[in-house]
Q: 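This is the structure I want to talk about, given as structure tokens.
Counting starts at 1 for both ligands and their atoms, in listed order.
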Amino acid sequence: MEEARRPEEELDKKDTSEHIEVSTDELDQEDIQHVNNPIVGIKPIEKEFLGAVKEVRQENNKFIFTDGSASVEIRVVSDEIIRVRLAPHSVFLEEFSYAVPSLDQKVAVFNFTEDETHYAVSTNTVSCLINKSNFHISFRDNDSKIINEDYLAMHWEENDQFGGYYVYCTKKCYPEEAYFGLGDKPTDLNLRGKRLQNWNSDTYSFAKHQDPLYRSIPFFISLNENIAHGIFLDNTFKTHFDFAQEDNNKLSFWADGGELQYYYIHGPNMMDVVKRYNSLTGTHKLPPIWALGYHQCRWSYYPESKVKDLADNFRKRKIPCDALYLDIDYMDGYRCFTWNKKYFPNPKKMIKELSDDGFKTVVIIDPGIKVDDNYWVFKEGKENKYFCRRSDDYFMEGHVWPGRCQFPDFTNPEVRTWWGGLFKELVEVGVAGVWNDMNEPAVFGKGTFPDDVRHNYDGFRGSHRKAHNVYGMQMVRATYDGLKKIQKNKRPFTITRAGYAGVQRYSSCWTGDNVASWEHLKIGSLQMQRLSMSGLPFAGTDIGGFSGEPTGELFTRWIQLGVFSPFMRAHSAGDTAEREPWSFGQELEDINRKFIELRYKLLPYIYSTFWEHHRYGFPILRPVVMLEQDNPTNRYREDEFTFGDKILVCPVLEEGATSRKVYLPGGGNWFNYWTHEVLEGGTEHVIDAPLDSMPIFVKAGSVIPEYPVMQYTSEFEVEEMMFQIFYSDQEVNSFYFEDHGDTFAYEQDIYMEKKFVVNGDKKSLTITQSIEGLFTPRYETYELKINGLPFKPSKVLIDGKTYAGDLIFDEVKSLVIKTPKHFKQIQVVK
Ligand code: GLC
């Protein structure tokens, strides 16, 4: 099967980042204002720069400055977000963004001032300064500290071939400044010293540092002198970022077309920057809770007997699993929305049987539609002119799995509605989720579409240069919206390979065709952390590696990391040995089971973390630098992260390792999850990590909800909710979320959010609980397991009344009590 795939497709596995000479930066400012400069480089480039500001006018929350020829618009979006746009000949493009659904509701108080040298547009927290003589733009906080500053005035270069401009922004880079974000780049967490670009690419077996990969998220976070800010370049053309690679004093970003339009996002905490970016581009909606279970995938499980056998094995071996995937071979000749009746004679019956056994079925869908006049999807697309066309009106044709294909223009709203409707039959057959693949878009032999392909771009028209990076996002948007309509109040589950900023509003994602190697285990951990900081928190890697063969040890370490991957799915290419949790012998099967069970125990915590993301915009995975940005070493710590704000995960990423060094962030103690040993934060420790273990720590003061192990998420109703409470001598808040798990009722406040506050001293521990929302769980009682008490308890008071049960205090200093679920306060007294 593997031979059938694009042999010539395999991209050069070396660092492919392009290096374009844009060194106007070498020139003196004076020389380059509005003059055409022959630049040393591959070809002479003529660039124009903004000149001195001549005039300014205000339109509500926008200020438009001009040098007499070009204009810049500064728009106050919120107290902490300011948008900058450049119009080289003073004609701004129409307001439209796939990333930012609306700017309207973000209100702010602002004022406009002017002195001899600068104009200033200020909010309560930040000022945007415009230098009158050179049009340099800078941002300053309330302490008058310059946070971000132009090194050169914004500049541009006409594009003779396509029209429009290449647009450039060059800012100062400070000696200690570090950079993070930018989506799925498989490179070091700190991006300083790298030049990277965004152009969605099908990158089978990608290598470390390879660029670009599947997604375009032109958003980065800067951290300098403990102050963070973010820049989001909302431009769907190919975009480029130079993080002081070319010149240690400069940061540049530029785009091959469109508008130079960027958002300055104020910090000073990295967490605030990410939350504010999420407030612009949107958060992931709550996934159905089953989507947070363990998923098993392979290219491909067929025929039906194989799928059934797989399901039976999970249940027989008591390894929890919620979803099984059907890759391209379920289709008839790879025609989307059809079934191969030889392999799957009665899909409805099969899916029903799987469902009765607790499995959801997820199927793959690709954008390439086979050119075949006897195939209804092709016919409908052709009749309605839904397929992409070249500039001279020829169809855009290319080879993908089914052979010769045409491709729907998902940037056309009408096409999206049509596509969304195509899922009706699959949903009726019982399919529970849709996996969107090859949507960079990928074309065998050619990579992707030629530049001249035309797109509707939601009525704003554009060539493929403009629409390429959003094609996949619009495909999965069509899928998501279609499923939502068909499934009514049920939450859709979608996965996508390609995406642009904001794609999280429609889908989860996986990191694409990785490799079964230890290096890729590390890369995967990095990519998930980076995606989480870049607004795409519901991400996972192909556990075990897509191509190549993992050893049993590597697979088990990957399962362990997978427990803390927001999306947990094992997947492998068709030419590899079969790879299920039991494929590597009994000993490893037992360890894999133990860790998949851990995922199911922690599900209520994991689900609460997704809620925290959805409602408050927090990332799900948080690299250590986000927790403690003032510690310079943390800029380079990339092999551990927290899941939510309570659990620190230190995956074992080295072959043969039986221990590893961990750094526990400061600000309190940490409990070893397995032994309950209390360790001091703010320092490094060496922790045992034999193959059946992985260092995991819980922050002192946390309340961690746990479910009993289930074989799939809704196997049975929880009769008593269990919370693990970890003693702290400082006040710590935790929260817990619960709802129906599969509907949109939470949008009508049908959910329950509980806040716990834990606070202790040498003689007592107090736990208070407050509740918000309208959802009432069925269970009536809690089991509270209080860990690490530094004293032997003599009494427990529940809302002032003495607890009648036994106080059994075991050797690991844990106390178990049962309480009614509605208590307000519990006091454990020495
Ligand atoms: C692509 C996907 C991979 C899938 C394969 C066949 O390579 O990235 O996950 O299994 O196509 O559909």
Q: Does a side-chain heavy-atom distance below 4.5 Å link Trp339 with Val429?
A: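 Yes, their side chains come closer than 4.5 Å.
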Q: Where does Tyr204 meet ligand 1, judged by heavy-atom distances below 4.0 Å: at the side chain, the backbone, both, or neither?
A: neither
Q: Within the 4.0 Å heavy-atom shell around Asp327, which atoms of ligand 1 are there?
A: 4 (C), 6 (C), 10 (O), 12 (O)
Q: Short list, please: which atoms of ligand 1 are under 4.0 Å from a heavy atom of Trp435?
A: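 Going through ligand 1 atom by atom, the ones under 4.0 Å from Trp435 are 9 (O), 10 (O).
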Q: Less than 3.5 Å between some nitrogen or oxygen of Trp299 and one of ligand 1, yes or no?
A: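 Checking ligand 1 against Trp299, no N or O pair falls under 3.5 Å apart.
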Q: Please list, chain by chain and in numerical order, all residues satisfying ring-ring contact (aromatic ring centres under 6.0 Å, His included) with Phe493, sequence neighbours excluded.
A: Trp290, His295
Q: Under 4.0 Å from any heavy atom of Trp510, which atoms of ligand 1 are there?
A: 8 (O), 9 (O)
Q: Please indicate whether any nitrogen or oxygen in Arg497 is less than 3.5 Å from any nitrogen or oxygen in ligand 1.
A: yes
Q: One residue to check: Tyr325. Relative to ligand 1, which of side chain, backbone, both or neither has a non-hydrogen atom less than 4.0 Å away?
A: neither
Q: Using the ring-ring contact (aromatic ring centres under 6.0 Å, His included) criterion, which residues pair with Phe219? Sequence neighbours excluded.
A: Tyr277
Q: So, is Asp542 polar-close to ligand 1, with some N/O to N/O distance under 3.5 Å?
A: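 In fact, backbone or side chain, Asp542 has no N or O that close.
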Q: Indicate the ring-plane relationship of Phe337 and Trp419, choosing parallel, tilted or perpendicular according to the 30° and 60° boundaries.
A: perpendicular
Q: Numbering the atoms of ligand 1 from 1, which are under 4.0 Å from a heavy atom of His571?
A: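 That gives atoms 3 (C), 4 (C), 9 (O), 10 (O) of ligand 1.
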Q: May I ask which of Asp437, Asp329, Ile495, Ile328 has a heavy atom nearer to atom 1 (C) of ligand 1 than the others do?
A: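 Result: the heavy atom closest to atom 1 (C) of ligand 1 is in Asp437.
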Q: Using side-chain hydrogen bond (donor to acceptor under 3.5 Å, both in side chains) as the criterion, point out the one residue from Lys238, Arg215, Lys185, His240 that pairs with Asn198.
A: Lys185
Q: Does the distance from a Lys or Arg side-chain N to an Asp or Glu carboxylate O, for Lys306 and Glu578, drop under 4.0 Å?
A: yes
Q: For ligand 1, does Ile364 get within less than 4.0 Å through its side chain, its backbone, both, or neither, judged by non-hydrogen atoms?
A: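 It is the side chain that touches ligand 1; the backbone stays farther off.
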Q: What do you reckon, are the aromatic ring centroids of His571 and Phe546 less than 6.0 Å apart?
A: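 Ring-ring flag for His571/Phe546: true, centres closer than 6.0 Å.
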Q: Can you tell me if Arg315 uses its side chain to pair, donor with acceptor, with the backbone of Gln711 under 3.5 Å?
A: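 Checked: pair present.
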Q: Quick check on contacts: which atoms of ligand 1 are under 4.0 angstrom from a heavy atom of Trp401?
A: 6 (C), 11 (O)
